[in-house]
2 protein chains.
Amino acid sequence: MRVVSEPATREVTRARIEAAALELFAERDFDAVTADELADAAGISRRTFFRHFATKADAVWGDFHAHVVRLQELLAATSEDQPVLASICAAYVEVNDYPGADLPLLRERMRLILTEPALQAHSQVRYADVDRVVAEHVARRTGCRPDSLVPRLVALSTRAAATTAFEAWLAGEGSLADDLHAAFDQLAGGFPTLR
Amino acid sequence: MRVVSEPATREVTRARIEAAALELFAERDFDAVTADELADAAGISRRTFFRHFATKADAVWGDFHAHVVRLQELLAATSEDQPVLASICAAYVEVNDYPGADLPLLRERMRLILTEPALQAHSQVRYADVDRVVAEHVARRTGCRPDSLVPRLVALSTRAAATTAFEAWLAGEGSLADDLHAAFDQLAGGFPTLR
DNA sequence: TTGCCCGGTGGCACTGGGTGCCACTAGCGT
DNA sequence: ACGCTAGTGGCACCCAGTGCCACCGGGCAA
């Protein structure tokens, strides 16, 4: 058993880079932190950094692909009785149900993604996967093609609801689940407060 | 009056760069075209290219800021009697009402923006301005703050509707106005086809 | 033990986007 | 003729990201 240094498996190194990235980006703007500094802070070389994350932005996102897969599984397991929008809302709530200890990290991650222009831009590419998964779910439920108007519109507007919920959650003090439900309720009701 | 070369005002050079960019990006992937090639094709130097457009992506967007300003003016001029969603839909239709001769160009532009990952990412930053303008309009109409949930949700989901309409328009043969109305109708009705 | 394989690593050179700086030129009013 | 200004080109520079190669460690078979 080692004492001084860990076995340094792939996961451990990845996690160390993520932690270092979140910390540095909390101090300075995304663009003001170079990949060299990121690598130094994680105790690795610049070249190794780019072996673990394809871009600087990816270091903020963690294993987002796993979330997309989980969302897909949740949607696939929904009951036919449940309204489509409700099933999507429930899946979004479920996939964003973090243990309380992880919330500060999630807050910082989302703050960066929603406010730093470079990360905001990058997010579009990551969210495209989410949109595809949701559109496929809607297409399955409605019997039309995944690239037709209704599935695409439901996918994009539910993601808009989720994004808005994250904005509200960041600005306020409530729970993310409440904000998600509030946004989805507005959407499903055709915005009842607008007369 | 010159015969050989035009006066080369700022606008003329800008337009020439835009045309060259659209042409080159139609032939090859966005990433496969270097700024040097873009500059060469426009008959200017690389350095001058970046004086007219801050990034390669901006060359595709033309004068998008003018569109945002126009959208803002249209929204400011809407009647209080009109439902909020309808006013936004009308403004989107109006601002995207191009003369028929410009439609091929618009198609190519939107195809690039919606399919090329780098441009898709960049679009998020440009659309943030649109979202701000729409959210302010909704806030004015509803009397709440522009960064609260409903204005933000309406802004983001109407933009989702517009984006979906563009996707449908690109895929099909109909008119953009029809696709916009179809998407906004779904949204305003709370997705009636989903039971 | 020796030799081999293999995953993770670091170094290095290179491409390409984007910027700061400086020098040049054409037009234009005085 | 003078200076002013906007637009330009060239150059050096920073930084993200990539391809290539060399190295190192641990497991594994002979």
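Below, read A as the first sequence line, B as the second, and so on, with proteins coming before strands; counting in each chain starts at 1. Remember, predicted model here, so these are calculated numbers, not experimental data.
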Would a distance-only check, ignoring hydrogens and angles, find a side-chain to backbone donor-acceptor pair under 3.5 Å from A:T13 to A:T9? yes
Side-chain donor or acceptor of A:S148 paired with backbone N/O of A:C144 under 3.5 Å: no
Looking at A:W61, is A:R126 sitting on its ring face, NZ or CZ under 6.0 Å from the six-membered ring centre and within 45 degrees of the normal? yes
Report yes if a side-chain nitrogen or oxygen of B:S45 is closer than 4.0 Å to either non-bridging phosphate oxygen (OP1 or OP2) of D:dG7; otherwise report no. no
Separation of A:L119 atom CG from D:dA16 atom C1', in whole Å? 14 Å
Taking only side-chain nitrogens and oxygens of B:T48, does any of them come within less than 4.0 Å of OP1 or OP2 of D:dG9? yes
Under a 4.0 Å heavy-atom criterion, the protein footprint on nucleotides 15-22 of chain C, written with B, S and -, is --BBBBBB
Between the main-chain N or O of B:Y92 and the side-chain N or O of B:N96, is there a donor-acceptor pair closer than 3.5 Å? yes
For C:dG8, does OP1 or OP2 lie under 4.0 Å from any side-chain N or O of A:H52? no
Is any side-chain N of the basic residue among A:R152 and A:D147 closer than 4.0 Å to the acidic one's carboxylate O? no
Under a 3.5 Å threshold, yes or no: a donor from one side chain and an acceptor from the other, between B:H122 and B:D58? yes
d(CZ, B:R16; P, D:dG7) in whole Å: 14 Å
